[in-house]
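Working notes, structure below.
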Amino acid sequence: MAKLREFNRVVVDFASMADFCLVYVQEAHATDGWSMKNNYNIRYHRTLEERLSAAQILADSKPPCPVLVDNMADEVNKKYGVVSERLYIILNGRVVYKGRYGPAEYSVAEVAQWLEAYKQSVDKQLH
């Protein structure tokens, strides 16, 4: 939860210069698969409706950005190598920042640093 709160702060801090979203993908720790203790009771998604229902749990936490849902072909997961959590910055259709795998290795602070550096470079060009 700490990383989600940190992510939420970055969304608020940089909302004037970037669009943010969360994409809910295939459940990494389904209760009928490789589950973890203290996890939500979410089974492996067999239908889009089940995936949408699971994503609603994330949406109910009221993140400050839209929650999108990957399709059942897992196109986002496959294209971006999400695994369970991963942070990307896409600028003009190109990936300009690709974070490490989460939740243990990704860094919200790196995203904030990249955005701050980009903001400063844009500010320099304008002045």
Side-chain angles (χ1 to χ4, degrees):
M1 282 304 229
K3 285 195 177 192
L4 183 56
R5 283 191 298 275
E6 184 181 7
F7 174 78
N8 290 347
R9 279 194 308 275
V10 169
V11 171
V12 171
D13 290 348
F14 292 96
S16 65
M17 63 171 282
D19 296 321
F20 293 86
C21 69
L22 296 167
V23 181
Y24 186 87
V25 297
Q26 175 181 302
E27 180 61 38
H29 302 291
T31 55
D32 58 343
W34 188 61
S35 64
M36 297 177 64
K37 289 183 180 182
N38 302 322
N39 200 21
Y40 290 99
N41 185 18
I42 299 173
R43 296 171 42 93
Y44 178 77
H45 313 133
R46 289 165 181 76
T47 65
L48 182 58
E49 290 76 23
E50 290 176 352
R51 185 166 289 179
L52 291 168
S53 177
Q56 188 61 50
I57 295 169
L58 177 58
D60 288 346
S61 71
K62 306 277 189 247
C65 62
V67 175
L68 309 176
V69 179
D70 198 3
N71 63 29
M72 293 305 291
D74 298 318
E75 290 180 48
V76 171
N77 200 357
K78 291 172 183 171
K79 182 173 183 168
Y80 291 96
V82 176
V83 182
S84 61
E85 298 175 31
R86 201 155 196 191
L87 302 171
Y88 281 87
I89 297 173
I90 301 169
L91 179 65
N92 298 326
R94 287 187 44 240
V95 173
V96 294
Y97 171 86
K98 177 177 159 181
R100 295 180 302 262
Y101 293 111
E105 296 182 22
Y106 76 78
S107 172
V108 177
E110 283 181 6
V111 171
Q113 290 167 358
W114 193 98
L115 290 168
E116 185 59 41
Y118 180 75
K119 181 178 183 242
Q120 289 177 11
S121 72
V122 168
D123 288 346
K124 279 184 185 178
Q125 293 174 4
L126 296 175
H127 299 304

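Quick caveat: nothing in here was measured; it's all calculated off a predicted structure.
Between Ile89 atom CD1 and Phe14 atom CZ the span is 9.0 Å, to the nearest 0.5 Å. Of the inter-residue distances, the one linking Ile90 atom CD1 with Cys21 atom SG reads 8.0 Å to the nearest 0.5 angstrom. Distance check, rounded to the nearest 0.5 Å: CG of Leu4 to CG of Leu58 gives 7.0 Å. Taking CG of Leu48 as the start and OG of Ser53 as the end, the distance is 11.0 Å to the nearest 0.5 Å. Interatomic distance, Glu85 CD to Leu22 CG, rounded to the nearest 0.5 Å: 9.5 Å.
The shortest non-hydrogen separation linking Ala15 to Phe20 is N-CE1, 4.4 Å. Heavy atoms only, all atoms of each residue included: Phe7 and Cys65 are closest at CE2-SG, 3.9 Å. Contact record, Leu115 with Ala18: CD2-CB, 4.4 Å, taken as the closest heavy-atom pair. In this structure, Ala55 and Val67 approach most closely via the heavy-atom pair O-CG1, 4.3 Å. Listed here is the closest heavy atom pair of Arg100 and Ser107: NH2-CB, 4.0 Å.
No more than 12 heavy atoms of other residues, nucleotides or ligands sit less than 6.0 Å from atom OH of Tyr118. Asp123 CG: more than 12 foreign heavy atoms inside a 6.0 Å radius.
Side-chain atoms of Asn71 come within 3.5 Å of backbone atoms of Glu75 as a donor-acceptor pair (strictly under, hydrogens ignored). Without hydrogens or angle criteria, Asp74 side chain to Val25 main chain gives no donor-acceptor distance under 3.5 Å. Asp70 contributes a side-chain N or O that, together with a main-chain N or O of Val76, makes up a donor-acceptor pair within less than 3.5 Å. Distance alone, capped at 3.5 Å, places no donor-acceptor pair between the Glu105 side chain and the Tyr101 backbone. Proximity of a side-chain donor or acceptor of Lys78 to a complementary backbone N or O of Ala73 within less than 3.5 Å is detected. Of the possible donor and acceptor atoms, none in the side chain of Arg86 sits under 3.5 Å from a partner among the backbone N and O of Lys98.
A 4.5 Å side-chain heavy-atom check between Pro63 and Asn8 finds at least one atom pair inside the cut-off.
In the hydrophobic clustering of ILVMFWY residues, with side-chain heavy atoms under 4.5 Å counting as a link, Val12 and Trp114 come out apart.
Aromatic ring centres of Tyr88 and Tyr97: separated by at least 6.0 Å.
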Apply side-chain contact (heavy atoms from CB on, under 4.5 Å) to Val23 and Val69, showing your working.
CA-CA 5 Å; Val23 181; Val69 179; over 6 Å; no
